[in-house]
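Computed from a predicted model, the values in this text were never measured in an experiment. By convention in this document, chain letters (A, B, ...) are assigned in the order of the sequence lines, proteins followed by strands, and residues within each chain are numbered from 1.
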Amino acid sequence: MDAIFLQVLNGLDKGGAYALIALGLTLVFGTLGVVNFAHGALFMLGAFCAVTFQFMMTASKQIKDESITFFDAYKEVPYLEIWFGHVGTVLIDWVVPLSIIMAIPVMLLIGLAMERGLIRYFYKRSHAEQILVTFGLAIVLQEIIKSFFGANPIPTPAPEIVAGSANIGALFGLGDSVVYPYWRLIYLAFSGLVIFAVFAFLQFTTFGMVVRAGMADREMVGLLGINVERRFTIVFGIAAVVAGLAGVMYTPILPPDYNMGMEFLVLSFVVVVVGGMGSLGGAVSAGFLLGILQSFASMNEVKAIIPGIDQIIIYLVAVIILLTRPRGLMGRKGVMED
Amino acid sequence: MSDLKFTRRGVLKSGAALGAAGVAPSFFVRNAWAQDFTNNPGNGSSVVLGFNVPQTGAYADEGADELRAYQLAVKHINGEGDGGMLNTMTPLSLKGNGVLGKKVEYVTGDTQTKSDAARASAKRMIEKDGAIMITGGSSSGVAVAVQSLCHEAGIIFMAGLTHSNDTTGKDKRKYGFRHFFNAYMSGAALGPVLEARYGKDRNAYHLTADYTWGWTQEESIKNTTEALGWKTTAAVRTPLGAGDFSQYITPVLNSGADVLILNHYGKDMINSLTQAVQFGLRDKQVNGKNFVIVVPLFSRLMAQGAGENIKGILGTTNWNWSLTDAGSQAFVKSFGAEYGFPPSQAAHTCYTQALLYANACETAGTFYPCEVINALEGFKFDGAGNGPTEYRAADHQCFKDVLVVEGNENPSSQFDLLQVVQVVPRAQVEYDPAIFGGELGTCS
């Protein structure tokens, strides 16, 4: 029972990341009709917003390191600690949550620049061409990040106060071995909050209503005299912010490196296809579903019956869903069927 | 019909004359056949070495450090700079004027930490750039693949960072040499320290990278810990580059294990260790004992990536910049003055490999690979870090002291991440080469 509970929790937490990325992918596909293979790179750029902010906050004065006598070496003392003492140390400790403030405008600008500077020229081109150009863009962004930050993962820890694990087993009357990292619980709550915010924005605002109408029938909304394109550009920016925030908050879980976006991109595309192309609800549901299935497939008891199932479960489910429901779990008729 | 007379004296004379004529070529034209080998530099003024390191991909930082070390080695071999380990290594034939009077030049290739890419770049350096020796790499999969290619091409391969038993075990080759230690040696060195720290009654849970290095390391460490009396609760294979290991870590929580052994390296190790610590494993108590995490293969670059999580974790390493022997100090001083930070274990092994190859050519008096191999086989040397060292002729594995290290709880500098717990003497990590099988093959 303990093991099952832990794997459900693990799947939800993993699914939260899949759902956030897949949500942005679906938004862009549903509004602009663009298959954006650079979306994983946006997740990675978000993570590197946190890394950059960490570098800024830990900008240091170099002091000669007397402990090294072989050559001239220097140790670094952050200016924040020199200027503000303990307050400076606390600010550095809280760098990941604080970097959200920086990531929102930065990711919005990156999203808008990407859409206006490149993506819009490919609206009327085939999906194959869109995939090629966005995939190329993702590689360029990766290489830029690698040239600045190197190839190794960069530790970006969570604040000390939430660095440990919560004894959630006690809350549910389970054993003491049922513990779960605080930050992963925070990530799960954060993904739920962002998903709710995006849905509320689309459901309860005029802007959202126009976007939804545009997703259903872009031509008709245009004929009503509404500038749909401008709104869709903003939607691209919002999708970039969602992916970026998912990346920022993921940094304490996975020390970021330049390739982290690619690792999530393929899985997120499978999530979108399983959920149904263009379906926001489908993307979110499929994200959590596949996260949970992946976790269960990694259990030793399951792998003892079907060795290697943890490596293929997501793709196996995708094949089964597409065979039985070709439009995915919640796919709409007519989407990507022309 | 001719009238031939055979006398005993006549037959003996003819036999001696024929014998002398038969032997003569090997005295007078030995260099003539020796010249007929791949990328013979001939009468040219320079010789080209091929540095095949990961310049992109997950181990690019390690590859960059390897390349720095090779560039420094070339400088020293050519008589530039402060000479580094050339001042401490004994015996030494190099004179600081290149190799056999020829200036050393180099070309580089990118292994991308992929076997096929590594083979392609090694092939290019051999066929197009005329490299007479290939060296480098940061993965056992790559090392085994490139070693095999070099053997077929008649080119010596001086392996970089490769820790699988297979490299000098079942996949060993006559043209391949490894200075780095291996998984068996890690286990043999780590065992007594694990026993002293954690006792004989433990239950170990392995998470293992699913490729040649991971398998051999898991096997070696399991053999060691089970010989101590530890039980193996489970050994779970994880995909290379999994990123999020949480689904493999959660089953550890209620498995009854009180030791987690991470047979991961590089990015995988950074991620799995970080996540294991987040799941509270380092602070956990099982069966009345403190839960412990062990990382059998460590490097300082990985310790940097893992940050605070590495503190107090035991493992082994081939070499560490904090060693105080003359060879290590000379290398650290030279590397630090050139680049402003100390070298990694990958840099040390690559620098040493370049010097060893150059020295073997100088000793043999030729670049002819078979003669160079003869010079390397059984070569005993000192002053290159890790104490007296020998390139065992039977499997081309270097034997030297192994370091058991621990993530430093109180680092005195940003580089002081690993603390040497014990220098395990070479005799404790030696083994019979027959246990891993394989054939070196012949030099042709």
Side-chain angles (χ1 to χ4, degrees), chain A residues 2-3 6-7 9-11 13-14 17 65 67-76 143 146 150-158 163-167 175 177-184 250 252-255 257-260 263-264 294-301 303 307-308 310-311, chain B residues 54-64 210 234 236-239 241-244 246-251 253-255 266-267 270-271 274-275 277-281 283-284 286 301-302 304-309 321 329 332-342 412-416:
Chain A
D2 293 3
L6 274 169
Q7 292 298 2
L9 208 51
N10 191 242
D13 146 47
K14 205 180 284 289
D65 189 343
S67 68
I68 295 172
T69 51
F70 301 117
F71 55 90
D72 288 341
Y74 296 88
K75 55 183 167 191
E76 298 178 338
E143 292 302 314
K146 196 175 78 179
N152 266 358
I154 301 168
T156 321
S165 298
N167 188 1
S177 65
V178 183
V179 296
Y180 209 74
Y182 284 116
W183 190 260
R184 284 180 182 262
Y250 212 70
I253 295 172
L254 196 66
D257 70 88
Y258 73 103
N259 198 43
M260 72 186 296
E263 289 160 7
F264 274 88
Q294 198 181 23
S295 281
F296 274 102
S298 305
M299 289 177 76
N300 296 340
E301 293 80 1
K303 288 206 295 183
D310 55 325
Q311 316 263 341
Chain B
Q55 297 179 41
T56 55
Y59 298 140
D61 284 358
E62 228 137 20
D210 199 4
V236 176
R237 303 281 162 88
T238 61
D244 188 359
S246 55
Q247 74 262 38
Y248 299 105
I249 293 171
T250 39
L253 292 169
N254 44 19
S255 65
K267 210 170 85 173
I270 294 171
N271 292 334
T274 302
Q275 290 156 17
V277 172
Q278 284 172 354
F279 272 89
L281 286 178
D283 309 319
K284 198 173 159 64
V286 179
L301 294 176
M302 279 157 51
Q304 262 170 0
E308 294 278 311
N309 303 316
W321 71 277
Q329 288 202 348
V332 173
K333 186 179 170 194
S334 194
F335 192 97
E338 190 83 11
Y339 303 113
F341 47 85
S412 61
S413 76
Q414 57 177 316
F415 309 117
D416 186 28

Between B:E338 and chain A, which part of the residue has a heavy atom less than 4.5 Å away: side chain, backbone, both or neither? neither
Any sub-3.5 Å donor-acceptor pair from B:T274's side-chain atoms to A:L254's backbone N or O? no
To the nearest 0.5 Å, what is the distance between CZ on B:F279 and OG on A:S165? 7.5 Å
In terms of heavy-atom pairs under 4.5 Å with chain B, which of A:V178, A:I154, A:D257, A:D13 leads? A:D257
Over all atoms of both residues, closest heavy-atom pair of B:N254 and A:A3: ND2-N, 3.4 Å
Dump the intermediate steps for side chain to side chain contact (heavy atoms under 4.5 Å, CB included) on A:K303 and B:V236, then the final yes or no. CA-CA 10 Å; A:K303 288 206 295 183; B:V236 176; 3.3 Å; yes
Comparing A:S295, A:A297, A:P255 against chain B, the one with the most heavy-atom pairs below 4.5 Å turns out to be A:P255
Is it the case that A:Y250 and B:D244 place a side-chain donor and acceptor less than 3.5 Å from each other? yes
Exercise: do B:T250 and A:N10 side chains pair donor with acceptor under 3.5 Å: no
Could you go step by step and tell me if B:S246 and A:K14 meet the side chain to side chain contact (heavy atoms under 4.5 Å, CB included) rule? CA-CA 9 Å; B:S246 55; A:K14 205 180 284 289; 3.5 Å; yes
Could you look at B:I249 and say if it's the side chain, the backbone, both or neither that has a heavy atom under 4.5 Å from chain A? neither
Indicate the atoms forming the closest heavy-atom contact of B:Q304 with A:P155, along with that distance. O-CG, 3.5 Å
Taking side chain as C-beta onward, heavy atoms only, is B:P251 less than 4.5 Å from A:E301? no
Looking at chain B, which one of A:M260, A:E76, A:K146 has the largest number of heavy-atom pairs inside 4.5 Å, strictly under? A:K146
Side-chain (B:Q275) to main-chain (A:I253) donor-acceptor, under 3.5 angstrom: yes
